[in-house]
Structure formats: C-alpha cells, structure tokens
Enquirer: 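First the structure, which I've put down as structure tokens, then a few questions once you've had a look.
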Amino acid sequence: MRNKLVKCLVAILSLFMAVLPMAACGDNGGGNGDTDALYVVVREAGYGRWLDGIVDSYQKETGKKVEVVYDAKIDSQMQYLFYANNPQYDLYFCNNAAYLYKWQKDGYLYPITGIEDRLSDYIKDYGIIDGSRYVIDPMTPAFGFAYNRMMLQQIESNGEYQKGVFPTTWQGLLDMCESIRTNGVGGDKTIKPFVYGGATEDLDMIFKALWAQGNGGADFRNYLDCNDTVENFASDSKKDVFINDSVKNALTAICNLLDSDGTRPQNTPDCISLTNIEAEQQFINGKCVFVATGAWFPMEMSGSLKGSSLDYAFANVPALDSAAEKTSLVNIPSEGFFIPASMEGKDEAVAFLQYMFREDNCRKLHVTLNTPVSAKYTLTESEYAELSEWGKELYKTADECKTIIKGSSNRLFLVGGLGMFKDKSGTNPINIFGYTHMYDTSKATFLEKVDSYLQDSYAGYKAKWKEIRNAAGYED
C-alpha cells in the first residue's frame, strides 16, 4: 500500500536531486496506482523475475493485490528514498547489509515476524538486531565453480585428478590445472584452466570458501562474530581469530591456484579487470575449463546460454582436507527482504513473507529458482525431477555439506568494520597478494610472506579497533 500522503521532498539536498526525480516520479510505481495494493520492489539481477509465481498464488489464495516492480538500479536509489523518509514501496528486495544497522537504529525498519520456526539453522542469526528480525535472504546460493563437461573428458589424468571427473580435493584441482597446462585440452594448449571476475568479488569468495572449510567453519565464524572490547582486544585475546591455520591455508591454496609454480598464471588474461559477467562469458566462449561463479549462473547468463551447446555443471569449492567436514559457502548476505517502518502496508508485507516461507511455497520457490531456499522443507520426488542437472548438483551440495554464510549480525560486521583483510584504501588485496609470490618461489619465503601479511592486517585492526567499535555504537 502506498502512503496516502506522499511526503514532500523539497528539502532534500541538491546532491540527491539527480536521483530522486527518477525514483519518486512514478516510473517505478512511486506515488501512483492502487493505494490498496501491496507494492514490492525487487532488484532485477541474476535470478530475473523470480517472484511472479509466488505473487500470483498469493493473490489467488488471499484475494489481495500485489504490484511488483523489477528495477536493476534500486540498490542505489533506495538510500536516498530512505534518508528522505519516503521509501515508496512496502517491501524491498535488494542488497542491504551496508545499511541494516543504521536503518534499524534510526527507526526506518519494521520487524519481520512469524517465520523464525521456518528458517534453516544457518541463517537464523543473520538479520537479527536487538532481538528482532529486520531482513531475510530467501535464497541459499552456493558459491563454487561451473565447469565444461566436454572439456573435462579431454583432460588427461594427473595425480589426484581423474579424467572426466571434476576434482573434489584442492590438490586434485591443482593437478587438473597442471595437466591442462602440460597437455592441453584434447591437445589444445590455448585453453586456460580457469577464469574469475577480479573487478568483482569472485576471488575473494573463493578465499572465503576455503577459509570456511577450516575447523568446520568455526574459525571463519569466529572472525565474523568478533566483537571484543577495546581493552580485551589490546591484550591480544583475539589474535588467534585473525591469525590461524585456517586463514593461512586458504591464502596459500588460492595463491597456488592462481600460479602454481611462480612462472605460469593458470587463469585467462586480464582477470583482475574482468567483471563476473565478463568472466562467465569467457567460460561460455570456451576460453577455459571452469569459472568462479555460483548458483545464479544459468539465470544470470541465460541470454548467452540460450541456443548454446555448452554442457556445463556445478561443483562445490574442492576440499583442502578430504577427511574434514564438508562445507559450502553461500552468498548470504546478498539480496534480502526488508520492510520500511513508515509504510502503511508494512503488516501486509509481513503477511506476504509469512506466506512465502510456508513449506509448500518454499518447495515451489526452490524449483523456480533451481536453488535451495533458506528454510526447512524437503522436495518431493516429482519436484526434484523438475530441477535441472545444475539444480540437482546444488541440492546435493546443500544436502551433503554444512552450509556457512559469509556474513553476520555482529554490529562490527554490519558497519563494515570486519572487511575481510581490506587494506588502508578499502581495497581487498586478495587479487594482488595472490600474484606477488610469483617472483618469490621459495616455499619458506612464501609462507613467511603469508604470516607477515596476516601480522600486518592484525596490527591494522588493533590500531583501529576503538574506531570500529565506536562506529558500531559501542563507547568503550
């Protein structure tokens, strides 16, 4: 439902004026239309117009009207709409982690209730602030690799890699890459092992997925949840949270993937400057055997895949330790639902989410998305049969692995204080660090470099810990 009295925007600062007219003029449904309808805005991205089926069934079952606007630019517009206290829509689905704490603290968000018993354990803590839920990410999009099945049949066995089978161990992955570099793919040595989008967070996600494998994911979670007082932190009480074998092994592993012997990078050229879309397109074009991506790949690249003969499949990030508990990193937080507190339709928005997370609707949504949903349910045999081969691999991964999300409701995380080893400029240095060892091939020297890097990162946290705590609202 729309506010029947649209608040005046005349007082908004001039720097917002270029954005506000576009957001509030009515092109995205602002201010006009049926005031009795529930208005939902959805960031149009990898999964396309995925909400339509749930909306249709909700309208038929309840007799209530829902209007959905799909907007690829809503992430940037929503900041100004919220700061103007004129949010326009009853329910938002878009990126939110950067604003969640501030908006909740300022009273902009309305609690989401009645779904806690339906949620999977791995997501129950995320989105909770001061005991209430303010956001829910419905999708559980696993991160991993898409690989070319036909190419895999043409890569000769080597070490832990068996011809035709995508490796389940990290050493097997390195062995496969070595076979590609040495023998080519069916003799074609122009094909590279892999590609990633360095201009986005592909490499960082591989790093996190590897980090999350250590100690059953506990070391990764301890970092995300770290919220020690300034006094305790100064005494090095949390040093092992920032420097431990899990993060060292992850850094070492990803560097070995990027450049196994310090002389021949294994990825396609210019990966550091590629977006995820450009990287995925190189994979589709046959430039490499596998690409860093996630559950969203088929929908995100549906235009390029249409009519393509590419035979592709999903693989979870291979295990550093084959004897350890299997883990799967999922892209949460990413896009999620949240409700503006100032909108008249806020209670109807809650009811809509309660309907969406009903067990039968979660199963339908899983089939629609070809991706697991962050709730408790089991697909029927007929529903499972509707999944694509890609979707069945995702289902298998979720069933066999411990699911770990990449975020936390820890206020220090929500305000950006735990930036995954970002450097002073705010840039994640995993791309650069991954290549620096190519000129320094001594294993001992490289391990020393890893340790030095982590020590420097930890020292940076110590120097800024009070500032980070203050930004999160703590005054110690």
Side-chain angles (χ1 to χ4, degrees), residues 1-9 12 20 22-44 49-96 99-100 102-116 118-119 127-129 132-139 335-358 361-362 365 375:
M1 300 173 191
R2 299 289 188 185
N3 279 337
K4 294 181 179 179
L5 178 61
V6 178
K7 299 178 177 65
C8 179
L9 300 180
I12 302 305
L20 282 172
M22 173 177 60
C25 67
D27 290 343
N28 291 329
N32 300 319
D34 187 348
T35 57
D36 292 327
L38 175 72
Y39 280 86
V40 184
V41 62
V42 175
R43 179 175 180 259
E44 189 168 18
R49 303 196 165 204
W50 59 273
L51 193 58
D52 289 353
I54 292 293
V55 167
D56 288 345
S57 62
Y58 180 77
Q59 291 182 133
K60 290 176 182 177
E61 187 169 322
T62 66
K64 297 175 181 178
K65 188 174 181 181
V66 180
E67 296 283 352
V68 182
V69 173
Y70 290 91
D71 186 348
K73 298 180 179 180
I74 191 59
D75 280 359
S76 60
Q77 296 176 17
M78 69 177 181
Q79 301 175 50
Y80 306 110
L81 293 171
F82 268 69
Y83 291 143
N85 199 23
N86 187 32
Q88 298 284 304
Y89 299 96
D90 301 306
L91 182 61
Y92 277 74
F93 177 82
C94 49
N95 284 304
N96 57 76
Y99 315 105
L100 182 59
K102 177 176 173 51
W103 286 353
Q104 186 273 342
K105 182 183 68 173
D106 292 344
Y108 291 159
L109 300 181
Y110 191 67
I112 299 170
T113 59
I115 64 171
E116 294 306 308
R118 294 286 311 122
L119 300 182
I128 303 291
I129 300 178
S132 296
R133 174 170 299 283
Y134 291 95
V135 66
I136 182 62
D137 289 35
M139 301 142 180
E335 292 102 351
F337 283 107
F338 57 95
I339 303 170
S342 62
M343 297 302 289
E344 293 179 2
K346 53 184 177 289
D347 290 322
E348 187 64 36
V350 171
F352 178 77
L353 292 178
Q354 291 172 349
Y355 175 85
M356 177 187 294
F357 277 88
R358 208 171 69 186
N361 291 323
C362 287
L365 191 57

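This chain uses plain numbering: 1 for the first residue, then up along the sequence.
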Enquirer: Quick one: are the ring centres of F338 and W103 less than 6.0 Å apart?
Expert: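 Yes, ring centres under 6.0 Å apart.
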Enquirer: Under 4.5 Å between any side-chain heavy atoms of I54 and F352, yes or no?
Expert: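 The answer is yes, as the side chains (C-beta and beyond) meet within the 4.5 Å cut-off.
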Enquirer: Do K346 and V350 come close enough that some side-chain heavy atom pair is under 4.5 Å?
Expert: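 K346 does not reach V350 side chain to side chain.
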Enquirer: Begin with the C-alpha distance, continue with both residues' side-chain angles, and end with the deciding distance and a verdict on side chain to side chain contact (heavy atoms under 4.5 Å, CB included) for M343 and Y39.
Expert: CA-CA 10 Å; M343 297 302 289; Y39 280 86; over 6 Å; no
Enquirer: Who pairs with E116 by side-chain contact (heavy atoms from CB on, under 4.5 Å), at least two apart in sequence or on another chain?
Expert: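 Per chain and number, E116 pairs via side-chain contact (heavy atoms from CB on, under 4.5 Å) with L119, I128, R133.
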Enquirer: So how far is it from M78 CE to D71 CG, rounded to the nearest 0.5 Å?
Expert: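 If we round to the nearest 0.5 Å, M78:CE and D71:CG are 11.5 Å apart.
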Enquirer: Closest heavy-atom contact between P340 and P87?
Expert: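 In terms of heavy atoms, the two residues are closest at CB-CG, 3.5 Å.
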Enquirer: Given the rule in the side chain to side chain contact (heavy atoms under 4.5 Å, CB included) test, do Y110 and D347 qualify, once you have shown the distances and angles that lead to the verdict?
Expert: CA-CA 9 Å; Y110 191 67; D347 290 322; 2.6 Å; yes
Enquirer: Enter the distance from M139:CE to D137:CG here, rounded to the nearest 0.5 Å.
Expert: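 Those atoms lie 9.0 Å apart.
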Enquirer: Would L109 and V135 count as a side chain to side chain contact (heavy atoms under 4.5 Å, CB included) if you check the C-alpha gap in whole Å, the side-chain angles of each, and the deciding distance to 0.1 Å?
Expert: CA-CA 9 Å; L109 300 181; V135 66; over 6 Å; no
Enquirer: List in chain and number order the residues that pass salt bridge (charged side-chain N to carboxylate O under 4.0 Å, His left out) with K64, two or more places apart in sequence or in another chain; answer none if no residue qualifies.
Expert: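 For K64 the salt bridge (charged side-chain N to carboxylate O under 4.0 Å, His left out) partners, ignoring immediate neighbours, are E348.
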Enquirer: Enter the distance from L91:CG to L38:CG here, rounded to the nearest 0.5 Å.
Expert: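 Taking CG in L91 and CG in L38, the distance rounds to 6.5 Å.
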Enquirer: Tell me, please, which residues at least two apart from K102 pass side-chain contact (heavy atoms from CB on, under 4.5 Å).
Expert: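 Partners of K102 under the side-chain contact (heavy atoms from CB on, under 4.5 Å) test: Y83, D106.
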Enquirer: Tell me, please, which residues at least two apart from D52 pass side-chain contact (heavy atoms from CB on, under 4.5 Å).
Expert: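 side-chain contact (heavy atoms from CB on, under 4.5 Å) list for D52, sorted by chain: R49, Y70.
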Enquirer: So V40 and V55, do their side chains get closer than 4.5 Å, heavy atoms only?
Expert: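 When only atoms from C-beta onward are counted, V40 and V55 do not touch, as no gap falls below 4.5 Å.
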Enquirer: Looking at residues at least two apart in the chain, or sitting in another chain, which of them share a salt bridge (charged side-chain N to carboxylate O under 4.0 Å, His left out) with D75?
Expert: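 Result, salt bridge (charged side-chain N to carboxylate O under 4.0 Å, His left out) vs D75: R43.
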Enquirer: Rounded to the nearest 0.5 Å, how far does CG of D36 lie from CD of E67?
Expert: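 Answer rounded to 0.5 Å: 11.5 Å.
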Enquirer: Are side-chain heavy atoms of I112 and Q354 found at a separation under 4.5 Å?
Expert: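 Of all side-chain heavy-atom pairs linking Q354 with I112, none is under 4.5 Å.
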Enquirer: Rounded to the nearest 0.5 Å, how far does CD1 of I115 lie from CD1 of I136?
Expert: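 Here the interatomic distance stands at 4.5 Å.
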Enquirer: Are Y134 and P111 close enough that some pair of their side-chain heavy atoms sits under 4.5 Å apart?
Expert: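 Y134 reaches P111 side chain to side chain.
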Enquirer: If you round to the nearest 0.5 Å, how far is SG of C362 from CZ of F357?
Expert: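 Here the rounded value is 6.0 Å.
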Enquirer: My understanding is that only residues two or more places apart in sequence, or in another chain, count here; which of them pass side-chain contact (heavy atoms from CB on, under 4.5 Å) with R358?
Expert: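 Residues passing side-chain contact (heavy atoms from CB on, under 4.5 Å) with R358: E61, Y355, D360, N361.
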